[in-house]
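Written out below as structure tokens is the structure these notes cover.
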Amino acid sequence: MQVIPFALIKIITSFSCFFSPQVCSMGNGTSRLYSALAKTLSSTAAISQHQNYLEESDHEQLDPLDPKDLLEECQVALQNRPARLHREFVSRADNFGSPHTFRVMQWNILAQALGEGKDNFIKCPMEALKWEERKYLILEEILLYRPDVLCLQEVDHYFDTFQPILSRLGYQCTFLAKPWSPCLDVEHNNGPDGCAFFFLQDRFQLVSSAKIRLSARTLKTNQVAIAEVLQCKETGRLVCFAVTHLKARSGWERFRLAQGTDLLHNLESVTQGATIPLVVCGDFNAEPSEEVYKRFASSSLNLNSAYKVLSHDGETEPPYTTWKIRPTGESCNTLDYIWYSQHALKVNSALSLLTEEQIGPNRLPSFNYPSDHLSLVCDLGFSVDPDRLL
């Protein structure tokens, strides 16, 4: 008799809840999706072949899902919620197109345990934070923009939601939890939160992967990063992608600077001194006026911030990437960034941010939007001038 590990039983049980008809009636399409997914996750063959399911990111590929079908399922599940807020891509004025582009999404999706437990968004109804529907809003956002590379922070439903779903959409998945996640302090938590990295396997091939626990000088910290070197299947070019989430809160500016410096040091090694182009996505918890931002902007890796493209002068960050109300007051800040090697890559377009009117007086998160941070999405292209490459 095959013994099923307790951890995998929890995954199967949680995943069964994802498409549960008790949550909402979604018709035969949902039943088919749920049946196929649950059957595969619970199969003894899959269990016996993948005893290290929780540690590995490259397990056996399951039958693929059609992203259009899954998007329709999400939209049916959300039919009783307000309509999705509209955003448009803004192209650079000097964009003449690039024959080889790829789409990157950066998003702090708000850990479920923190949203319902610690973060205390006093203007957001608790009903809007329930995972039973909030997960559909998150997946809908991903499916709408269909990034080639996806970087997420505050992921505490990786194993029961994002890995099983996104792997079947063609993504290769990697996760790194925080050593001492604050989610673990919340009753009925779903495990630690962390950073997750996903890439479409029909666009890129993995060359190398590094999981980094960030240091502040000699002190190992609670923040992490993932850095993976990928090869573009269309061009053969290498690109290093990194995802991170730096220390939060006011008063920790020097700590963030030390973490950012450590990350840059690691990335200098991974990119062989900027020989390999680099894209860094993250919630830096730092405004552009902070030293860690300035350190990235002036580093030897020759990085620029992609979302400057939305400004009139092309040199200014957006006024906010997060907007929330807590008991301490209202905060509207620019904390999230997509950095890229400006000598080897160029920004073709970026997804506009929600306006203040769209966000509404109660700010984020809300019934309209699942996180207190806005997703950042941009289309990057390889430089067509080989002389500009290092």
Please say yes or no: joined through hydrophobic side-chain contacts below 4.5 Å, possibly via intermediate residues, are Leu70 and Leu150 part of one cluster?
yes
Pairs involving residues 209-232, ordered by first then second residue, that meet ring-ring contact (aromatic ring centres under 6.0 Å, His included) (sequence neighbours left out):
none
Is there a path of hydrophobic side-chain contacts, each under 4.5 Å between heavy atoms, that joins Leu380 and Ile142?
yes
More than 12 heavy atoms of other residues, nucleotides or ligands under 6.0 Å from NZ of Lys308: is that the case?
yes
For the residue pair Leu264 and Leu303, establish whether any side-chain heavy-atom pair is separated by less than 4.5 Å.
yes
Over 12 foreign heavy atoms within 6.0 Å of CZ, Arg217:
no
Rounded distance (nearest 0.5 Å) linking atom CG of Leu230 with atom CD of Gln201
10.5 Å
If only atom types and distance count, is the side chain of Gln106 paired as donor or acceptor with the main-chain N or O of Gly282 below 3.5 Å?
yes
Tell me whether Ser311 contacts the main-chain N or O of Glu315 through its side chain, where contact means a donor paired with an acceptor under 3.5 Å.
yes
Please work out which of the three classes, parallel, tilted or perpendicular, describes the rings of Tyr145 and Phe89, given edges at 30° and 60°.
perpendicular
Between Leu376 and Thr321, the two heavy atoms sitting closest are CD2-CG2, 4.2 Å
Spacing of NE2 belonging to His245 relative to CD1 belonging to Ile226, to within rounding of 0.5 Å
13.5 Å
Check whether Glu228 reaches the backbone of Ser209 with its side chain - one donor and one acceptor, N or O, closer than 3.5 Å.
no
Should we say atom CZ of Arg254 is surrounded by more than 12 heavy atoms from elsewhere, each under 6.0 Å from it?
no
Over 60° means perpendicular and under 30° means parallel, so tell me whether Phe255 and Trp252 are parallel, tilted or perpendicular.
perpendicular
Could you grab the distance from atom CG of Asp193 to atom SG of Cys183, nearest 0.5 Å is fine?
4.0 Å
Mutual orientation of the aromatic rings belonging to Phe199 and Phe204 [parallel < 30°, tilted 30-60°, perpendicular > 60°]:
perpendicular
Within a strict 4.5 Å, meaning less than it, do heavy atoms of the Cys378 and Val309 side chains meet?
no
dist Leu129:CG -> Leu114:CG (nearest 0.5 Å) comes out at 11.0 Å
What's the shortest heavy-atom distance between Cys195 and Gln153, and which atoms?
SG-CG, 4.2 Å
Assign the ring pair Phe159 / Phe175 to parallel, tilted or perpendicular, where the plane angle (0 to 90°) is split at 30° and 60°.
perpendicular
Can you name the closest pair of heavy atoms from Asn120 and Pro327 and give their distance?
ND2-CG, 3.1 Å
Report yes or no: does Asn190 contribute a side-chain atom to a donor-acceptor pair with the main-chain N or O of Asp156 at less than 3.5 Å?
yes
Apply the test side chain to side chain contact (heavy atoms under 4.5 Å, CB included) to residues Leu71 and Leu144: give CA-CA distance (whole Å), side-chain angles for both, the deciding distance (0.1 Å), then the verdict.
CA-CA 7 Å; Leu71 177 58; Leu144 272 174; 4.2 Å; yes
Donor-acceptor pair, distance only, cut-off 3.5 Å: does the side chain of Thr322 make one with the backbone of Asn333?
no
Mind running salt bridge (charged side-chain N to carboxylate O under 4.0 Å, His left out) on Arg256 and Glu291 for me, showing each step along the way?
CA-CA 9 Å; Arg256 282 192 287 273; Glu291 289 301 318; over 6 Å; no
For the backbone of Asn368 and the side chain of Arg81, can you confirm whether one donor and one acceptor N or O come within less than 3.5 Å of each other?
no
Distance, nearest 0.5 Å, that separates CD of Gln259 from CD of Gln223:
4.5 Å
Taking the basic N atoms (NZ, or NE/NH1/NH2) and the acidic carboxylate oxygens, is any pair closer than 4.0 Å for Glu356 and Arg363?
yes
Can you see whether Asp160 engages His157 through a side-chain donor-acceptor pair at a distance of less than 3.5 angstrom?
yes
Identified side-chain contact (heavy atoms from CB on, under 4.5 Å) counterpart of Leu214 within the set Thr261, Leu246, Leu219:
Leu246
Non-hydrogen atoms of Arg87 and Leu354 that approach each other most closely:
CG-CD2, 3.5 Å
Start with the C-alpha distance between Glu127 and Glu133, add both sets of side-chain angles, then the distance that settles side chain to side chain contact (heavy atoms under 4.5 Å, CB included), and finish with yes or no.
CA-CA 9 Å; Glu127 188 65 26; Glu133 289 190 8; 5.7 Å; no
Applying side chain to side chain donor-acceptor pair (under 3.5 Å), can you list everything that pairs with Thr316, at least two apart in sequence or on another chain?
Asp313
How far apart are the C-alpha atoms of Phe102 and Cys232, what are their side-chain angles, what is the distance that settles it, and do they pass the side chain to side chain contact (heavy atoms under 4.5 Å, CB included) test?
CA-CA 9 Å; Phe102 52 90; Cys232 175; over 6 Å; no
When you compare the side chain of Trp131 with that of Ile138, does any pair of heavy atoms fall below 4.5 Å?
yes
Output, in order, the C-alpha distance, side-chain angles, deciding distance and verdict of side chain to side chain contact (heavy atoms under 4.5 Å, CB included) for Thr275 and Leu238.
CA-CA 9 Å; Thr275 302; Leu238 300 180; over 6 Å; no
Could you tell me which residues satisfy salt bridge (charged side-chain N to carboxylate O under 4.0 Å, His left out) with Asp202, sequence neighbours excluded, listed by chain and number?
none
Compute whether any side-chain donor of one residue and acceptor of the other, for Asp336 and Asn108, lie under 3.5 angstrom apart.
no
Shortest non-hydrogen contact from Phe197 to Cys151?
CD1-SG, 3.7 Å
Flag, side chain of Thr244 to backbone of Val224, donor-acceptor distance under 3.5 Å
yes
Pair listing, salt bridge (Lys or Arg N to Asp or Glu O under 4.0 Å) test, anchored in residues 104-116, at least two apart:
Glu116-Lys130
Which residues pass the side chain to side chain donor-acceptor pair (under 3.5 Å) test with Thr271, sequence neighbours left out?
none
Can you classify the ring geometry of Phe198 versus Tyr158 as parallel (below 30°), tilted (30 to 60°) or perpendicular (above 60°)?
tilted
Spell out, yes or no, whether Tyr340 and Val90 are grouped together once hydrophobic residues are joined by side-chain heavy atoms under 4.5 Å, including indirect joins.
yes
Ignoring hydrogens and angles, tell me if any N or O in the side chain of Asp262 forms a donor-acceptor pair with the backbone of Ala216 under 3.5 Å.
no
Hey, does the side chain of Tyr307 reach the backbone of Val377 with a donor-acceptor pair shorter than 3.5 angstrom?
yes
Verify whether one side chain among Glu317 and Thr334 offers a donor that lies under 3.5 Å from an acceptor in the other.
no
Between Tyr337 and Ala286, is there a donor-acceptor pair closer than 3.5 Å when you use the side chain of the first and the backbone of the second?
yes
Can you see which heavy atom on Thr221 is nearest to which on Ser215, and at what distance?
CG2-C, 4.0 Å
Beyond-backbone contact of Pro370 with Glu141, side-chain heavy atoms, under 4.5 angstrom:
no
Set of residues satisfying salt bridge (charged side-chain N to carboxylate O under 4.0 Å, His left out) with respect to Glu268, sequence neighbours excluded
none
Contact check, side chains of Lys324 and His373, non-hydrogen atoms, under 4.5 Å
yes
Leu353 CG to Gln358 CD distance, which is reported to the nearest 0.5 Å
10.0 Å
